[in-house]
Number of protein chains: 2
Amino acid sequence: MFVVLHPDHRNPLYLQLVAAIRGAIVRGDVTPGERLPAARDLAESLGMNMHTVLRAYRMLADEGVIELRRGRGAVVTRRPEGRAQVEAAARELADLARAHGMAREEVLALLADESPGRSR
Amino acid sequence: MFVVLHPDHRNPLYLQLVAAIRGAIVRGDVTPGERLPAARDLAESLGMNMHTVLRAYRMLADEGVIELRRGRGAVVTRRPEGRAQVEAAARELADLARAHGMAREEVLALLADESPGRSR
DNA sequence: ACCTATTTGTCCGTATGTATG
DNA sequence: CCATACATACGGACAAATAGG
């Protein structure tokens, strides 16, 4: 299988799985347009529950990394102009911040808070 | 209870709950800083499962409408309107960047180019 | 400093629904 | 029509953070 989970008890299972899959995609182990294993299959092969895998899949889908559709499975998103999207988002953020008179450092700090992940 | 769900089978339960709670907050039925009922309590009083309520809570937390912390409960976020918008934009940018596997420093550099305090 | 109750977090399990191919 | 695979919802158990006494 293309994901190997080295036990890390500091992070929940589904987050480890998210990281592993994201890594596999970034490394090119799975290419855009390719399908990920069915949640149940991956769950079984990893010795975990279907829900745990589905939760990871859903999070990746929220991020736009994969597309999740009923009956079809999880497909890695094809994005031709990825960087352009990020730049557009950055510009929008900058504009908004300026509109509210926020200092540059403040925005950078804000972004840093959002970057690591979703620990709460 | 402050939420009443009129059965709507076109939308899943947890989405109806999200809408109901968001509405309650907008209407001022629950004010910023106030705590929402414990997920399990609300679930019981609405005749639904804990997980369904927790899922709604988690979605609201992702939107930044409430803060969800273990052992403390779900507290309505108190925050000026503008800052919430900026935070949403920052979150979106962070998600996008993560989706593309961009390093944090890379994003920060990108944003710095677009940020206030720089003459164009 | 300690203990306890509260409350969310995670994970497992099961069942049924529903879009896709 | 049928198999596949995610979507939703229910239930239970234990872990972990928080708050209060």
Side-chain angles (χ1 to χ4, degrees), chain A residues 1-3 5-21 25 30 33-78 116-120, chain B residues 1-3 5-21 30 33-78:
Chain A
M1 189 48 56
F2 70 102
V3 271
L5 252 44
H6 11 40
D8 172 10
H9 293 285
R10 297 167 317 196
N11 284 312
L13 257 181
Y14 75 94
L15 282 185
Q16 297 177 43
L17 188 53
V18 164
I21 296 177
I25 293 176
V30 272
E34 199 172 338
R35 215 187 111 220
L36 266 48
R40 281 169 181 78
D41 295 347
L42 183 55
E44 188 180 10
S45 86
L46 291 178
M48 65 177 71
N49 192 272
M50 167 197 71
H51 291 301
T52 309
V53 175
L54 273 181
R55 182 160 182 187
Y57 276 10
R58 205 177 309 123
M59 181 169 284
L60 288 168
D62 285 343
E63 294 175 5
V65 176
I66 66 176
E67 276 180 40
L68 215 46
R69 292 178 60 181
R70 242 175 221 172
R72 233 191 20 160
V75 179
V76 178
T77 312
R78 332 171 167 269
R118 303 179 186 215
S119 52
R120 243 169 226 157
Chain B
M1 190 47 56
F2 69 102
V3 269
L5 252 44
H6 8 32
D8 172 8
H9 293 285
R10 294 168 319 201
N11 284 313
L13 256 181
Y14 75 94
L15 281 185
Q16 296 178 43
L17 188 54
V18 164
I21 296 177
V30 273
E34 198 173 338
R35 214 185 115 226
L36 264 48
R40 281 161 179 81
D41 293 348
L42 183 55
E44 189 181 10
S45 85
L46 291 178
M48 67 178 70
N49 192 273
M50 162 197 77
H51 294 298
T52 309
V53 176
L54 272 182
R55 180 161 182 186
Y57 277 11
R58 203 178 311 124
M59 179 169 287
L60 288 167
D62 283 344
E63 292 176 6
V65 177
I66 65 176
E67 274 179 42
L68 212 48
R69 291 178 58 183
R70 211 184 242 171
R72 240 190 15 155
V75 179
V76 179
T77 313
R78 49 167 110 246

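Each chain gets a letter, A, B and so on, in the order the sequences are listed, and its residues count up from 1.
- Whole-Å rounding puts the B/Leu17 CG to D/dA9 C1' distance at 13 Å.
- Under the 3.5 Å distance criterion, the side-chain polar atoms of A/Arg35 are matched with a main-chain donor or acceptor of A/Arg72.
- The side chain of A/Thr52 places an N or O atom within less than 4.0 Å of a non-bridging phosphate oxygen (OP1 or OP2) of C/dC12.
- Of the candidate nucleotides D/dC10, C/dT7, D/dC6, D/dC10 has the atom lying nearest to any side-chain atom of B/Leu13.
- When rounded to the nearest whole Å, the span between CG of B/Leu68 and P of D/dA17 equals 15 Å.
- Whole-Å rounding puts the A/Arg58 CZ to D/dA5 P distance at 18 Å.
- With contacts defined as side-chain heavy-atom distances shorter than 4.5 Å, the pair A/Ile66/A/Ile25 qualifies.
- In plain terms, the two heavy atoms of B/Leu68 and B/Ala74 that are nearest each other are CD1-CB, 3.3 Å.
- For the pair A/Leu54 CG and C/dT14 P, the computed distance is 16 Å after rounding to whole Å.
- Side-chain contact between A/Leu36 and A/Leu42 is absent, with no heavy-atom pair separated by less than 4.5 Å.
- Side chain of B/Thr77 to backbone of B/Val65: a donor-acceptor contact under 3.5 angstrom is found.
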What verdict does the side-chain contact (heavy atoms from CB on, under 4.5 Å) test give for B/Arg55 and B/Leu17, after you've listed the backbone C-alpha separation in whole Å, the side-chain angles of each residue and the deciding distance to 0.1 Å? CA-CA 10 Å; B/Arg55 180 161 182 186; B/Leu17 188 54; over 6 Å; no
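- Within the structure, a side-chain polar atom (N or O) of B/Asn49 is placed less than 4.0 Å from OP1 or OP2 of D/dG11.
- Residues B/Gly73 and A/Met48 both approach DNA chain C. Their nearest nucleotides, taken by heavy-atom distance, put B/Gly73 toward the 5′ side.
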Set out, line by line, the N/O atom pairs under 3.5 Å between protein and nucleotides 3-5 of chain C.
none

Between the protein and nucleotides 15-19 of chain C, are there any N/O to N/O pairs under 3.5 Å, and if so, what are the atom names and distances?
from   : atom 1 : to      : atom 2 : distance (Å)
C/dT18 : O3'    : A/Arg70 : NH1    : 3.3

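- Nearest heavy atom pair, residue A/Tyr14 against residue A/Thr52, reads CB-O, 3.8 Å.
- You'll find that the side chain of B/Pro12 is closest to D/dA9, out of D/dA9, D/dA7, D/dC10.
- Closest to the side chain of B/Tyr14, from the set C/dT10, D/dA9, C/dC12, is D/dA9.
- Within a 6.0 Å sphere centred on CD of B/Glu34, other residues, nucleotides and ligands contribute more than 12 heavy atoms.
- For the atom pair A/Asn49 CG and A/Arg40 CZ, the distance stands at 9.5 Å (nearest 0.5 Å).
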Step-by-step side-chain contact (heavy atoms from CB on, under 4.5 Å) determination, A/Val75 to A/Arg69: CA-CA 8 Å; A/Val75 179; A/Arg69 292 178 60 181; over 6 Å; no
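- Residue B/Asp41 contributes atom CG, which lies 10 Å from atom C1' of C/dT6 at whole-angstrom precision.
- Protein atom CG of B/Leu42 is 13 Å distant from nucleotide atom C1' of C/dT7, rounded to whole Å.
- For A/Glu44 and C/dG13, the CD to P distance is 11 Å, given to the nearest whole Å.
- Atom C1' of nucleotide C/dG9 and atom CE of A/Met59 are separated by 12 Å, given to the nearest angstrom.
- Along DNA chain D, the nucleotide nearest B/Gly47 and the nucleotide nearest A/Arg35 are compared for position; the residue whose nucleotide lies closer to the 5' end is A/Arg35.
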